S.K.: 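Dropping the structure in here first, questions after.
Letters go in sequence order (proteins before strands), and every chain restarts at 1. Just so you know, these numbers come straight off a predicted model, no measurement behind them.
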2 protein chains.
Amino acid sequence: MKRSTVQDAMFPGCPVRNVLARICDKWALLVIYILDRSGKESMRFMELKQQMPDISQRMLTMTLRTLEEDGYVTRTIFSEIPPRVEYALTERAKSLQPILDSLLQWSVDNMDDIMCDRKKNTPVKD
Amino acid sequence: MKRSTVQDAMFPGCPVRNVLARICDKWALLVIYILDRSGKESMRFMELKQQMPDISQRMLTMTLRTLEEDGYVTRTIFSEIPPRVEYALTERAKSLQPILDSLLQWSVDNMDDIMCDRKKNTPVKD
DNA sequence: CAGGATCCAGGGGGATACTG
DNA sequence: CAGTATCCCCCTGGATCCTG
């Protein structure tokens, strides 16, 4: 009987809402997406940043720390000079990825209609 | 060949990112969820608010306006005294709902492990 | 009842400079 | 290179009061 568990989602402080809030963060989604589509096993900090022209290094660092904390990415430090850090998706992130993909595809399929609706409802000044 | 379209998701100002950002908003998700699980065709403003103990009326109003603007909910005003306004999910929202449901179920299935991981990585003060 | 209007604090997040 | 550390601005969103 999962239903009762799911119902808890509407309560404040609920862990489900907490998990969703951190996944649904725009930067977190984008990092997972980019890591997935890179075709590589892992990516360096600067590689990620180059794929996200509008993120600050501060936010990228914070986003990666959060993702690491929640077990979506691994952070591997190579003791070299200059330093090298590699980020890779975990199995947990990979299990989530099909869902994010369908959400992404839904957005692609519907964005034109949605943008059109927005314009219709633009506050009419007269 | 959809892939090239999807690739645009990493660009700033991309409509896909824009669509996702508004869907992934914590309040928007919760409103859609509650409307879906209510078992009713529509709900009143106060009914919604009672299901969301931690939202302010201001944020609920703003969230509903955004959802309406993007065509996820309809807003029906009954010219009565006292006024009555009913909110209902559109077909667009219903088409999105299975995806949100799988995302929610994923969160339920993984939240214990995620919460556990978070504690492990809690900064160790010594 | 369903909000609009206003005021205001807190924190998210940018810019910049510095370090191992 | 891959971050930390500061400063600081602005916008989100809460609290409160008012209205059709």
S.K.: Would you kindly give the CE-to-C1' distance between M46(B) and dA2(C), to the nearest whole Å?
M.R.: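 Atom-to-atom, M46(B) to dA2(C), this comes out as 7 Å.
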S.K.: When you compare the side chains of Q105(A) and D101(A), does any donor N or O come within less than 3.5 Å of an acceptor on the partner?
M.R.: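 Result is no, nothing qualifies.
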S.K.: If you check every side-chain atom of P82(A), which of dC1(D), dG3(D), dA2(C) has the closest atom?
M.R.: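 Shortest atom-to-atom distance from the side chain points to dC1(D).
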S.K.: Without placing hydrogens or testing angles, list every side-chain donor-acceptor pair under 3.5 Å for residues 80-88 of chain A, not counting sequence neighbours.
M.R.:
{"residue": "E80(A)", "atom": "OE1", "partner": "R84(A)", "partner atom": "NH1", "Å": "3.2"}
{"residue": "E80(A)", "atom": "OE2", "partner": "R84(A)", "partner atom": "NH1", "Å": "2.7"}
{"residue": "R84(A)", "atom": "NE", "partner": "E86(A)", "partner atom": "OE2", "Å": "3.3"}
{"residue": "E86(A)", "atom": "OE1", "partner": "S42(A)", "partner atom": "OG", "Å": "2.7"}
{"residue": "Y87(A)", "atom": "OH", "partner": "R75(A)", "partner atom": "NE", "Å": "3.2"}

S.K.: Looking only at the side chain of V85(A) (C-beta and beyond, no hydrogens), which of the listed nucleotides dC1(C), dG3(D), dC1(D) gets closest?
M.R.: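 Of the candidates, dG3(D) comes closest.
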S.K.: Using five base pairs at each end, measure the axis-to-axis angle across the helix from dC1(C)-dG20(D) to dG20(C)-dC1(D) and round it to 10 degrees.
M.R.: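 That helix has its two terminal axes inclined by roughly 50°.
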S.K.: Same hydrophobic cluster for M46(B) and I55(B), using side-chain heavy-atom links shorter than 4.5 Å among ILVMFWY?
M.R.: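 No, because M46(B) and I55(B) fall into different hydrophobic clusters, even though each may have its own neighbours under 4.5 Å.
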S.K.: Do D117(A) and E69(B) touch side chain to side chain, with heavy atoms closer than 4.5 Å?
M.R.: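 No, their side chains stay 4.5 Å or more apart.
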S.K.: If the threshold is 4.0 Å, N to carboxylate O, is there a salt bridge linking D54(B) and R17(A)?
M.R.: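 Yes, D54(B) and R17(A) are salt-bridged.
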S.K.: How many whole angstroms separate atom CZ of F45(B) from atom P of dG20(D)?
M.R.: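 Rounded to the whole Å, the gap is 18 Å.
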S.K.: Take atom CE of M52(B) and atom P of dA2(C), then tell me their distance rounded to the nearest Å.
M.R.: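 Result: 15 Å.
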S.K.: For each nucleotide in nucleotides 11-20 of chain C, reading 5' to 3', give B when a protein heavy atom comes within less than 4.0 Å of its base, S when such contact involves only the sugar-phosphate, and - otherwise.
M.R.: --BBBBB--B
S.K.: Whole angstroms only, please: what is the CZ-C1' distance between R65(B) and dT12(D)?
M.R.: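 One finds 18 Å between C1' of dT12(D) and CZ of R65(B), rounded.
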S.K.: Heavy atoms only, 4.0 Å cut-off, all strands: where does Y87(B) land among base, sugar-phosphate and nothing?
M.R.: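 Y87(B): backbone/sugar contact only, no base atoms under 4.0 Å.
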